[in-house]
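Have a look at the structure below before the remarks.
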Amino acid sequence: MGIQLNSIKLDLDKYLHDIKQNEKQILILQSELERHSYVSDYAKEAKTSAKQALEESELAKQRTDELAQRIDLDLKRRAYDLNSFSAAELGSIPRKIAESQTIMQNVEKQAAYLERRTIDLNEIRANVQKNMLKLKSQMKLAKHAAANVKISITGDESEQGACLRSYSVGLTPSTHNEISIIYGIEGSERDSPLVYIPSSKKSETSDGKETFDFMAIEMIDRKIKFLWNNGAGTKEITHNVEIESAYNLARQDSMWYKITAERIGNIGRLNVRKVQPKYDLPEYHKWEVGESPPTSNILDVQPTDRLWIGGAPNYYRSEDLHSKGNFNGVLYQLSVNKKNIGLWNFVSSFGCRETHSGVTDIVQEHSCHTFSGDGYATQDQIRNYDPRYYAVSMEFKTFDQDALLVLVANQINGQYLSTELRSGKVYFKINYGNGVKLEFTSKDTYNSGQWVKIEAGRAFRNGLETGVLRVTFNGLREDFVDSLPAITTKELDLQASKLFFGGVPPDFDFSLFTDLQTRSLLGSLRGITTSNPGSNSLMNPLYTEYGKMNPFYGVIPTCENRILKTASFSGNGHIEVKSQPLRKDSSFGFAFKSQQPDALVAISTFLGKPSGDLADFYSVSLVGGRLALVFGHGSDLSQVTSFITEKTYNDGLLHTLFVIKRNRKISVYVDDSRVDRGEIRLSKNAIEMKAPSHGGLFIGGVPSVISSDIINSKMAASVENLVGTIQDFAFIDEVSVRIVAMNEPVSFFNTAIGRDLHIKDV
């Protein structure tokens with residue numbers, strides 16, 4: 001009996017613990033929600049859900065406390081009495097048995113009650129979890145809305161003109177970073193802190209001083225400075241464009257400045273120009289360039305490190321910063337590594353008030369939009385919807401194998417029309433409900449990064465429901481048609497539906513759409529058109545109308561080509577991009593992560609090329625988790641120079657490799673620490689290591705037709721295909737500074753271009 005009661009008590013304690021954890025999480029999310037109160041349409045609904053979940057948790061806790069008290073005061077005391085038999089009471093055994101039976105009946109009743117309460121608690125818990133999920137999705141939606149607020153910030157006079165904000169930008173240790181802002185000033189102040197990104201990883205210099213990596217932009221005497229420290233000392237450069245004061249930034253579009261600071265390895269460059277100048281000056285096209293010590297090439301920032309606007313926290317403020325005091329001026333736009341950071345989607349804020357909008361240098365294209373890979377856009381159904389005929393056409397460009405292009409969904413009855421990419425093929429589905437559907441899949445794959453046109457639609461004619469898909473690429477066409485008798489289908493009602501482009505928002509209800517694949521698109525859409533009998537409507541996914549909520553996130557109204565610096569592999573693919581020679585004084589590096597013990601990470605080779613010396617090659621592999629580098633002889637294929645690290649790096653965490661070549665000497669740095677002892681020396685014929693002019697750099701693996709040649713010639717320590725991610729591949733020499741564009745491949749196979757598929761939860 002005591003064991004059963006203890007078991008019941010343990011279960012109750014577990015429920016109490018779970019409820020308390022839910023309460024804590026709800027309170028945390030409530031406080032986070034209050035911070036985004038300016039997006040009240042989303043925040044109020046989320047707050048209501050949180051309050052409801054909290055009330056249910058408190059009620060469950062109260063009921064559980066009462067039940068636990070009853071067990072302690074009643075059942076447990078009586079159960080202990082059952083064990084109190086003595087020799088003097090042996091004659092009253094029948095009476096004790098009768099009392100025991102009565103007690104057992106009470107225990108059974110209490111157990112039945114407890115079972116009912118357990119069911120109630122489980123229902124409450126399920127309801128709390130449902131509300132928690134809803135709350136989290138509303139929080140995410142609120143943050144997305146905050147990221148799209150296009151209102152500038154400036155100092156708050158009620159806080160002595162201060163404006164200090166921090167942002168979570170999710171940076172990782174990298175060979176490459178870029179910060180860009182749009183800024184203007186109306187006052188007479190000469191100096192101002194602008195942007196500061198410090199690393200939380202501190203180290204000590206040889207003289208015992210604390211130091212940490214950072215990047216900073218500041219205005220000193222109306223000139224813009226860019227400062228950075230990769231761990232070997234601070235370097236700063238100053239642009240010669242002088243920041244002029246406006247008398248009214250709201251009316252003077254020509255007084256806004258775009259400031260761009262970029263770092264590749266130890267090379268930094270800075271550009272300052274007017275966004276919309278009255279007169280174009282040569283200085284606006286000039287980049288100031290500087291070099292920090294070449295032994296440190298990685299900015300060692302972590303995903304949890306913050307970007308600061310308008311100053312720096314004292315405990316992370318570098319002594320090398322020049323600006324003092326508060327933020328002066330107006331900041332309209334901030335982007336990091338080409339990704340827009342919403343000024344109102346902040347982590348912390350002191351001072352800062354809103355002011356007018358600014359100007360942008362993006363040339364908006366009404367019919368062409370680029371999606372970031374985690375975004376979406378929503379629109380209402382067209383006003384002249386006709387149930388007899390409905391079609392959607394567009395062009396898309398992407399490397400994604402799986403992604404949602406457009407979804408027309410009725411969230412009341414579960415009917416929908418979707419166009420997706422599945423395994424690189426165009427997939428079109430019309431779902432009528434009750435298991436009735438029309439499906440079409442293209443024969444060819446179309447995720448080549450080139451423009452592809454699709455036309456997908458349905459019509460009701462002569463008692464038949466007919467679906468059509470047409471895919472056109474490079475003048476070649478695939479056509480598909482299929483029909484269903486009307487008697488087998490429900491009428492397709494998309495009148496009250498929403499249109500979702502490139503993904504769905506966080507609060508999308510999947511309960512009626514369980515078979516949908518809605519991975520967000522990394523790519524571009526253009527010429528989106530919906531068709532009805534007698535009309536074609538060109539749609540703008542970002543169209544907004546007062547009083548209507550059509551949320552969007554991660555979408556920009558342009559199809560300007562942008563470099564994608566990341567590629568992920570699943571053990572059966574590779575990508576070939578333009579290689580680069582290793583000149584007399586040169587270096588290359590990248591960031592990587594994998595849990596594989598053996599894999600080919602990268603190789604530059606003339607194999608498969610019509611000309612070139614096969615002895616000109618270099619490669620990086622994983623062998624037993626260690627990094628293995630192999631360099632060609634330059635003239636004799638049978639001789640190689642190789643090096644392998646002592647430590648292993650296949651822990652699934654992000655690491656950086658940087659290789660510096662000075663004449664014949666090679667220095668190898670992993671995570672910005674040197675791992676060789678100066679013993680790597682190339683042959684005299686390898687002082688200038690040549691590379692193919694077209695392609696030749698294979699990342700993540702190689703085609704099977706050349707893998708045996710690589711092994712036989714000992715060009716690489718492994719040819720196993722990589723399971724992992726490579727990003728920020730950079731080359732630096734006296735001729736050029738280059739980031740490898742993964743979205744400009746010569747060839748690729750089973751490669752997730754632009755995506756990190758191996759994000760490790762911490």
Walk me through it: do D509 and S511 pass the test side chain to side chain donor-acceptor pair (under 3.5 Å)? CA-CA 6 Å; D509 185 0; S511 60; 2.8 Å; yes

Got a sec: does the OH of Y284 have more than 12 other heavy atoms crowding it under 6.0 Å? yes

Hey, does L171 have a side-chain heavy atom less than 4.5 Å from the side chain of V336? yes

Determine whether the side chains of S152 and T355 contain a donor N or O and an acceptor N or O closer than 3.5 Å. no

What verdict does the side chain to side chain donor-acceptor pair (under 3.5 Å) test give for S497 and Q381, after you've listed the backbone C-alpha separation in whole Å, the side-chain angles of each residue and the deciding distance to 0.1 Å? CA-CA 6 Å; S497 61; Q381 183 58 279; 3.1 Å; yes

With side chain to side chain donor-acceptor pair (under 3.5 Å) as the criterion, how do D374 and S520 come out once you've worked through the C-alpha distance, each side chain's angles and the decisive distance to 0.1 Å? CA-CA 5 Å; D374 58 356; S520 292; over 6 Å; no

Just say parallel, tilted or perpendicular for the rings of F748 and F399, cut-offs at 30° and 60°. perpendicular

Could you tell me if H176 and Q727 have a donor-acceptor pair between their side chains, going purely by distance under 3.5 Å? no

Other residues, nucleotides and ligands only: do more than 12 of their heavy atoms fall within 6.0 Å of CZ on R353? yes

Just by distance, do the side chain of T472 and the backbone of R477 share a donor-acceptor pair under 3.5 Å? no

Salt bridge flag under 4.0 Å for residues D444 and K425: no

Would you say that more than 12 heavy atoms from the other residues, nucleotides or ligands in this model lie under 6.0 Å from the NZ of K578, or not? yes

When the ring planes of F473 and Y446 are compared, do they come out parallel, tilted or perpendicular, using 30° and 60° as the limits? perpendicular

Looking at K339, I want to see if its NZ is surrounded by more than 12 non-hydrogen atoms of other residues, nucleotides or ligands under 6.0 Å. no

Would you call the rings of F500 and F508 parallel, tilted or perpendicular, taking 30° and 60° as the class edges? perpendicular

Does any donor atom in the side chain of S747 or E576 lie under 3.5 Å from an acceptor atom in the other side chain? yes

Is there a donor-acceptor contact under 3.5 Å from the side chain of S393 to the main chain of I454? no

Per side-chain hydrogen bond (donor to acceptor under 3.5 Å, both in side chains), Y432 is matched among E491, R458, E465, Q415 by E465

Taking the six-membered ring for Trp and the full ring for Phe, Tyr or His, determine whether the centres of Y390 and Y385 are under 6.0 Å apart. yes

Does a donor on one side chain and an acceptor on the other come within less than 3.5 Å for H285 and N271? no

Answer yes or no: is there a side-chain heavy-atom contact under 4.5 Å between F501 and L499? yes

Can D400 and R755 be said to form a salt bridge (Lys or Arg N to Asp or Glu O under 4.0 Å), step by step? CA-CA 9 Å; D400 280 349; R755 291 189 180 273; 2.9 Å; yes

Nearest non-hydrogen partners of L343 and L331, listed with the distance: CD1-O, 3.4 Å

Strictly below 4.0 Å, N to O, side chains only: are D756 and K593 in salt-bridge contact? yes

When you look at CG of N248, are more than 12 heavy atoms from neighbouring residues, nucleotides or ligands closer to it than 6.0 Å? yes

With the side chain counted from C-beta on, respond yes when F729 and I739 share a heavy-atom pair under 4.5 Å apart, and no when they do not. no

Do E395 and R526 meet the salt-bridge criterion of a basic N to acidic O distance under 4.0 Å? yes

Can you confirm whether H144 sits close enough to Y376 that some side-chain heavy atom of one is under 4.5 Å from a side-chain heavy atom of the other? yes

Quick check: does any side chain N or O of N540 sit under 3.5 Å from a backbone N or O of L542, one acting as donor and the other as acceptor? yes

Determine whether S180 and K258 satisfy the following criterion, side-chain contact (heavy atoms from CB on, under 4.5 Å), listing intermediate values before the conclusion. CA-CA 7 Å; S180 179; K258 182 167 186 179; 3.0 Å; yes

Ion pair check, E478 and R470, cut-off under 4.0 Å: no

Give a yes or no on whether the backbone of P541 and the side-chain of Q379 come within a donor-acceptor separation of less than 3.5 Å. yes

Would you call D402-R422 a salt bridge at under 4.0 Å N-O? no

Could you walk me through whether H356 and Y332 satisfy the side chain to side chain donor-acceptor pair (under 3.5 Å) test, starting with their C-alpha distance in whole Å, then the side-chain angles of each, then the deciding distance to 0.1 Å, before giving a yes or no? CA-CA 9 Å; H356 45 73; Y332 174 59; over 6 Å; no

Just by distance, do the side chain of T398 and the backbone of L522 share a donor-acceptor pair under 3.5 Å? yes

Please check this pair: side chain of N721 against backbone of G573, looking for a donor-acceptor N/O pair closer than 3.5 Å. yes

Contact check, side chains of K565 and N743, non-hydrogen atoms, under 4.5 Å: no

Is there a side-chain contact between M742 and I699, using heavy atoms and a 4.5 Å cut-off? yes

